[in-house]
Asker: 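Quick one: structure below, then a few questions.
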Amino acid sequence: MKSVITLAIESSCDETSVAVVRDGRQVLSNIISTQMDEHKKFGGVVPEVASRRHIENIQGVVQESLDEAGVKFSDIDIVGVTYGAGLVGALLVGLSTAKAISFALGVPLVGVNHIEGHICANFIAHKELEPPFACLVVSGGHTHMVEVRGYGDYNVLGMTRDDAAGEAFDKLARAIGLGYPGGSKIDRAAKLGDKEAIDFPRAYLEKGSYDFSFSGLKSAALNYLNSKKMKKEEISIEDVSASYQEAIVDVLAERSIRACIEKGYKTLAIAGGVAANSRLRERLEGDAKAHGIQVKYPPIELCTDNAAMIGCAAYYDYIGGRVSSLDLNAVPGLRIGERE
Ligand code: KG4
Ligand code: ZN
């Protein structure tokens, strides 16, 4: 069978990324143009600024991606693009570009769910990985416990009721002056701290639930910081980071391992920006091993936003017959498994 060359575009947040992927799992190029430095000074992503930068960057990134892959527009078989979830203005830039390319080349357009893209990063990193397996999706905007029953077939067991795990990391980082984005900085500071120094709360919710809640932890941390400040006591950034990270990791690990045991999965994948967290990886590997479960995660550059994962998801959607029409719109609150 002739191979399928996918041109994939991701612009849901502050990364303009374009990739060329062969047959879903072979990445020929994955160009990521980050706007992080620009948003840093505001302490978070400014949606209007993100949209404008995507417009300025997108054409150059498409060309760079094609050049690096050594393919021409005429080699492209399908165009995959993130159409949700994400910032609407940012999504529209990638979506309009993808539609234009698909229309001009006369090739199918495949709208991809960003969260499903994060899960698919594992297919690129682990060539032998096949569904079914359980997947913990933890990013700046999402925290989901998912059953991957087949390609493009997802069942959500639970999700966050308030803040996402990445958001919780980012909020603490801002409060202790580590800046944006905070996850990797807390990860680094925590290595030098004592994870038992402060007893932060863990929200396990009702028995048997796979949902998450991180807003109580965030409030507890802010209260802790305020009371230390009032008493003019010194704060150990390392200890706060380590204790806070441990509170997040404890809950993520409990949900993930329980999902595998209760639903009978022998493989647990993790996905999204927080899957880059070194303590989460270490903890899950340890807990999983004790139960005969294998843990899979993508390399760091495939954990955070990138178009290669979108190309992989687009390929499996395409071969599963799920293609989009040119009137596809951006859906900022798109959920896993939902189709337009
Ligand atoms: O998946 P992603 O790039 O964007 C979304 O789709 O949201 O995730 C970004 C999130 C940010 O909240 C960032 O702080 C977090 O991932 N993150 C980390 C680490 N690296 C990135 N969180 C914890 N530890 C890390 N090493
Ligand atoms: Zn993401």
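Scope of the values below: all heavy atoms of this structure, side chains included, with no hydrogens, waters or symmetry mates. Start at 1 and go down the list; that is how both ligands and their atoms are numbered.
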Asker: Before accepting this row, confirm whether a basic side-chain N of the pair Asp170/Arg174 lies closer than 4.0 Å to the acidic partner's carboxylate O.
Answerer: no
Asker: Taking both backbone and side-chain atoms into account, decide whether His114 has an N/O/S atom under 2.8 Å from the Zn ion (ligand 2).
Answerer: yes
Asker: Specify side chain, backbone, both or neither for Asp187, according to which of its non-hydrogen atoms lie closer than 4.0 Å to ligand 1.
Answerer: side chain
Asker: Return the closest protein heavy atom for atom 2 (P) of ligand 1 as residue, atom name and distance.
Answerer: Asp305 OD1, 3.4 Å
Asker: Considering the heavy atoms of Gly166, write down every atom of ligand 1 situated less than 4.0 Å from one of them.
Answerer: 12 (O)
Asker: Among Gly182, Ala168, Gly140, whose heavy atom sits nearest atom 9 (C) of ligand 1?
Answerer: Gly140
Asker: Show the atoms of ligand 1 that are less than 4.0 angstrom away from any heavy atom in Gly141.
Answerer: 7 (O)
Asker: If we set the cut-off at 4.0 Å for heavy atoms, which region of His114 has an atom near ligand 1: side chain, backbone, both, or neither?
Answerer: side chain
Asker: If you take the nearest heavy atom of each of Gly273, Ala271, Gly86, which one is closest to atom 20 (N) of ligand 1?
Answerer: Gly273
Asker: Above 12 or not: heavy atoms from other molecules or residues under 6.0 Å from CZ of Arg52?
Answerer: no
Asker: Between Arg258 and Glu254, is the closest basic N to carboxylate O distance under 4.0 Å?
Answerer: yes
Asker: What heavy-atom pair brings Val110 and Ala314 nearest, and what distance separates the two atoms?
Answerer: CG1-O, 3.7 Å
Asker: Any donor-acceptor pair under 3.5 Å linking the side chain of Thr6 with the backbone of Ile78?
Answerer: no
Asker: What verdict does the salt bridge (Lys or Arg N to Asp or Glu O under 4.0 Å) test give for Glu238 and Lys195, after you've listed the backbone C-alpha separation in whole Å, the side-chain angles of each residue and the deciding distance to 0.1 Å?
Answerer: CA-CA 9 Å; Glu238 291 78 15; Lys195 58 184 178 353; over 6 Å; no
Asker: Considering only protein heavy atoms, which is closest to atom 13 (C) of ligand 1, and at what distance to one decimal place?
Answerer: Asp170 OD1, 3.8 Å
Asker: At less than 4.0 angstrom from any non-hydrogen atom of His118, what atoms of ligand 1 do you find?
Answerer: 1 (O), 6 (O)
Asker: Return the name of the atom in Asp305, of element N, O or S, nearest to the Zn ion (ligand 2).
Answerer: OD1
Asker: Do other residues, nucleotides or ligands put more than 12 heavy atoms under 6.0 Å from Glu234 CD?
Answerer: no
Asker: Indicate if the distance from the Zn ion (ligand 2) to the nearest N, O or S atom of His118 falls below 2.8 Å.
Answerer: yes
Asker: Counting non-hydrogen protein atoms only, what is the nearest one to atom 24 (N) of ligand 1? Give residue, atom name and distance.
Answerer: Asn277 ND2, 3.0 Å
Asker: Within a distance under 4.0 Å of any heavy atom of Thr304, pick out the atoms of ligand 1 and give their elements.
Answerer: 3 (O)
Asker: Using 30° and 60° as the class limits, which term best fits the ring planes of Tyr244 and Phe169: parallel, tilted or perpendicular?
Answerer: perpendicular
Asker: If you count heavy atoms of other groups shown closer than 6.0 angstrom to CZ of Arg25, is the number above 12?
Answerer: yes
Asker: If the plane angle is over 60° it's perpendicular, under 30° parallel, otherwise tilted; pick one for His144 and His142.
Answerer: tilted
Asker: Should one rank Gly183, Gly272, Ala190, Ala275 by closest heavy-atom distance to atom 22 (N) of ligand 1, which comes out on top?
Answerer: Gly183
Asker: Does ligand 1 have any atom sitting under 4.0 Å from a heavy atom of Cys13?
Answerer: no
